Amino acid sequence: MANVVFLWHMHQPYYVNPLTRVAMMPWVRLHCVKGYLDMISVIADFPSVRLNFNLTPVLLLQIEEIVEGRVSDLWLERSRQAAADLDESTRIAILEDFFKANWENMIHPEPRYAELLNKRGEHPRKEELPRIARQFTQQDFLDLQVWFNLAWCGYTACRRFPELAALRKKGRNFTEDEKARLLEIHLEIMRSIPLAYRSAQDWGQVELTTTPFFHPILPLVYDTAFAERCLPDREFPRRFHWPQDAEAQLTLAIENHTRLFGRRPRGLWPSEGSIAPEMIPLMQQAGIEYFCSDEENLFKSIHRDPAYAQIKVDHLELFQGWRIKNNGAAVNGVFRDRPLSDFIGFTASRNEPEQAALHLIGHLQHIAQRISPDHGLIPLILDGENAWEHFPDGGEGFLRALYRGVAADPMHLRSCTIENYFRNHPPVRSLATLHTGSWIGSNFDVWIGEPEENRAWDLLGEARTFLQQRIDAGTLDKEHKEEALLEIYAAEGSDWFWWYGPDFSTENDALFDALFRQHLKNVYVLCDASPPAELDIPITGYTRPLFRPPQRQITPCIGDGSEASRLEWLYAGTYFPGSEQGAMHRAERLIKKIWFGCDTVHLYLRLDLAHPTQTPPFSLLLSVTRPDSPEAVKARTTLIQKSGQSSFMISPPSGEAKRHSTLVAGENIEWKLSLSDLGILPGVHYAIQIALLCGGIETERYPEHSAIPLGD
């Protein structure tokens, strides 16, 4: 039997402008009424299932601040304003922001919400919004205010509050009173969240863990020089070395967790799974009994540990708890199974819920039969909030099928809390050497080493040094000292650095940049000094486009493989899978680059494989859509082996599917498709999206959330 651990990590950045005490983004509130409530409520129907939830202190802080009125929610205030009283700037802001939901699952299924999106336009230019706003009636704005907040209500909220179901049924022509009640329900749910998780903990179904308070990359706060261990030959900022801040981030987290949940946390999900050997004494000193990280960090640690120098380490070593030692201290460790965790976060939503759950359970059962029946552990650790908007039903069907499937197979699977696992199964393996890195790439590349990131670290370091000089000089009273330190701790959060540099981008990059610099400005103000002028200069300035469009028509020879043939792709469009990554990171993909282009007769695709010799058999599904047609033309391949020619079927929305054969696989995959067979006429705009399927399960999609537009 294998012990199955689910650890759902729930986190939101600190969206609060420290100067105005306004939460500039609504995601704490909206995830409360959707994911946070749903996740803790659905488990009531599966009393034998044991789960672990990691609630970050900075998330819990914002819930408290908003419901207690210490912070206002900007988007909530815009929602509260009577539609008749909206000024032009607020109307434009609502048009910009109130369609920020998953269009496929949260907007298009609701006729009135979809109608309003169509009226605004899917991708209007900013300069067009004043004109568009004048075309929206008062009732349009009122309906939009309601639908944005209503669409984010999860399945539990809609069952618990009949008013929400009534609003969905009504669909349009909402009243101000109905809107006010909807927003009251949001706050009622927010108030209930900490208590709901504490109750589940108290009756034994759930263990709650924590994260350093403001979600910093703790090893980098301790010493940015640690990054050189996993990122050699990179240019780094001036050294930031504040071990006392790392200790404070842990201490504050534990104090806040204990206050809210009535017991100290035994476990820690270090922000982004970030670890270093120096963190072990720090964790033990804070009373942390175990931490969680990623499998790659484990195997790199094993590789460096002298005790395993002459031993060939099997991957199955992952499936157990470990004892990690450093400098006389020891803490237990759990390392996530990356592929299965990523399947839940990125792939399950693309498949039928029951099928996706059965696929995952089958893998769990297979692992269970191969690992130790005494202390075997399968850790599934992932984001517990962002994935659910990508499921048509909010993830309910998948979670229910998953929990039901685990509970139904006590011969092979037993869900457990990590605390109970270690109580019953002390580690039989230990490590005296721990790798330094995060769960992303087993390094800190996302947060340090790029010009924007390094600039942010330098400014943070200057502010921290300035504050310490004032503290040492005794010129700050206790209150101002504590407030200034909190500003530093907030600025140490990982989320600012996540959006700096080329790794991840969002349309709110400038907002995150401004919030980061405001925290640093406040340090100087609290010390009765003028902030340096350089803090008024934005750090961010880089955004990477999702794809590069074709520069001209192409007509490459398919499957030629010659250097001349490769040159024929020179002017093709290119797309790098993962370039649209947002708040979640996906670790592994089979495709590393996609080339695309056409001539007057054919569409040409080339998919470069990440690991050609290790790629398992798979099939491809190409979807071709046109603005004038709601249904896509599908082109699906037969199973693609490592090399050779494959056939494929083109299926129009109506009519007979036809078989074709111009697809060749080798070091890459080259695909030639007739535009006429795809229903594309000269001068017609169309868009393409490619899905990759293994064993009938969709595992990857390119691009992930939108299609690539083509055509004249």
Side-chain angles (χ1 to χ4, degrees), residues 12 15 22-42 44 62-87 90-91 93-95 97-102 105-107 109-117 136-196 385 388-389 393-394 396:
Q12 291 295 323
Y15 297 112
V22 173
M24 304 301 294
M25 302 291 283
W27 309 121
V28 170
R29 171 172 56 89
L30 297 182
H31 281 291
C32 278
V33 300
K34 190 171 178 65
Y36 303 152
L37 178 62
D38 289 338
M39 290 293 282
I40 198 62
S41 300
V42 73
Q62 290 176 95
I63 292 175
E64 284 194 291
E65 287 181 328
I66 292 171
V67 299
E68 293 176 3
R70 291 184 280 140
V71 160
S72 63
D73 177 333
L74 176 63
W75 293 29
L76 177 62
E77 296 309 313
R78 287 174 177 166
S79 300
R80 281 174 168 160
Q81 287 186 50
D85 299 334
L86 297 173
D87 59 26
T90 306
R91 291 197 297 270
I94 287 174
L95 288 178
D97 294 334
F98 280 30
F99 295 101
K100 289 181 178 174
N102 184 288
N105 299 320
M106 299 168 68
I107 295 182
E110 307 296 344
R112 175 57 167 158
Y113 204 1
E115 174 190 325
L116 293 170
L117 174 60
F136 270 60
T137 67
Q138 177 180 321
Q139 189 63 55
D140 286 340
F141 276 107
L142 178 52
D143 285 358
L144 179 53
Q145 288 172 311
V146 169
W147 263 117
F148 173 68
N149 290 282
L150 182 59
W152 273 97
C153 292
Y155 47 85
T156 304
C158 291
R159 290 171 189 155
R160 189 169 294 179
F161 296 93
E163 304 100 305
L164 301 181
L167 287 177
R168 284 183 175 274
K169 184 175 181 180
K170 182 177 181 181
R172 62 178 62 232
N173 297 324
F174 301 116
T175 68
E176 290 290 346
D177 286 342
E178 288 171 330
K179 181 181 72 176
R181 176 56 185 150
L182 166 62
L183 300 177
E184 287 175 5
I185 290 172
H186 276 215
L187 293 178
E188 287 181 37
I189 292 173
M190 287 188 76
R191 292 187 191 96
S192 74
I193 294 299
L195 180 59
E385 59 206 355
W388 311 123
E389 64 191 85
D393 65 348
E396 181 180 20

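Along the sequence shown, residues are numbered consecutively beginning with 1. None of these values were measured; they are calculated from a predicted model.
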Query raised in the report: Is there a side-chain contact between Leu183 and Lys179, using heavy atoms and a 4.5 Å cut-off?
Result: yes
Query - Nearest-0.5 Å distance that lies between atom CG in Leu117 and atom CZ in Arg112 - result: 12.0 Å
Query - Contact summary for Trp152 and Lys100, nearest pair of heavy atoms - result: NE1-O, 3.4 Å
Report task. Identify, with sequence neighbours excluded, every residue that meets ring-ring contact (aromatic ring centres under 6.0 Å, His included) alongside Phe136. Result -> Phe141
Report task. Starting at CD of Glu385, measure out to CE of Met39 and round the result to the nearest 0.5 Å. Result -> 9.5 Å
Query raised in the report: Would you say His186 and Leu30 make side-chain contact, with heavy atoms under 4.5 Å?
Result: yes
Requested in this report: Verify, without hydrogens or angle tests, whether Asn105 (side chain) and Asp393 (backbone) share a donor-acceptor contact under 3.5 angstrom.
Outcome: no
**Report entry** Spatial distance of atom CZ (Phe98) from atom CH2 (Trp147) [nearest 0.5 Å]
**Finding:** 15.0 Å
Query raised in the report: Which pair of heavy atoms, one from Ala157 and one from Asp38, lies closest together, and at what distance?
Result: N-OD1, 4.4 Å
Query raised in the report: With a 4.5 Å limit on heavy-atom distance, are the side chains of Val42 and Thr156 in contact?
Result: no
Query - Heavy-atom check, side chain of Leu116 versus side chain of Ile107, under 4.5 Å - result: no
Query raised in the report: In terms of ring plane angle, is the pair His31 and Tyr36 parallel, tilted or perpendicular, where the classes change at 30° and 60°?
Result: tilted
Query raised in the report: Heavy-atom distance under 4.5 Å between the side chains of Trp75 and Asp97, does that happen here?
Result: yes
Report task. Identify whether the distance between the nearest side-chain nitrogen and carboxylate oxygen of Glu184 and Arg181 falls below 4.0 Å. Result -> yes
Query raised in the report: Is the shortest distance from a Lys or Arg side-chain nitrogen in Glu188 or Arg160 to a carboxylate oxygen in the other one below 4.0 Å?
Result: no
**Report entry** Lys170 side chain near Thr175 side chain, heavy-atom distance below 4.5 Å
**Finding:** yes
Query raised in the report: When you look at Leu86 and Gln145, which way does the side-chain contact (heavy atoms from CB on, under 4.5 Å) test go after all the steps?
Result: CA-CA 11 Å; Leu86 297 173; Gln145 288 172 311; 4.1 Å; yes
Query raised in the report: Does Asp73 reach the main-chain N or O of Pro26 with its side chain, forming a donor-acceptor pair under 3.5 Å?
Result: no
Query raised in the report: Passes ring-ring contact (aromatic ring centres under 6.0 Å, His included), Phe148 versus Tyr113? Steps please.
Result: CA-CA 8 Å; Phe148 173 68; Tyr113 204 1; 7.5 Å; no
Query raised in the report: Is the shortest distance from a Lys or Arg side-chain nitrogen in Arg168 or Glu110 to a carboxylate oxygen in the other one below 4.0 Å?
Result: yes
Requested in this report: Write down the atom of Ile63, the atom of Cys32, and the distance for their closest heavy-atom approach.
Outcome: CD1-SG, 3.7 Å
**Report entry** SG on Cys153 to CD1 on Ile185, rounded to 0.5 Å
**Finding:** 7.0 Å
Report summary line: CZ (Arg191) and CD1 (Ile193) are apart, to the nearest 0.5 Å, by 12.0 Å
Query - Ion pair check, Arg172 and Asp140, cut-off under 4.0 Å - result: no
Query raised in the report: Is a side-chain N or O of Glu389 found less than 3.5 angstrom from the main chain of Met106, in a donor-acceptor match?
Result: no
Query raised in the report: Going from CE on Met190 to CG on Leu37, what distance comes out if it is rounded to the nearest 0.5 angstrom?
Result: 12.0 Å
Query raised in the report: At their closest point, which heavy atom of Phe174 faces which heavy atom of Leu167, and how far apart are they?
Result: CE2-O, 3.4 Å
Query raised in the report: Yes or no on side-chain contact (heavy atoms from CB on, under 4.5 Å) for Thr137 and Leu142, after CA distance, side-chain angles and deciding distance?
Result: CA-CA 9 Å; Thr137 67; Leu142 178 52; over 6 Å; no
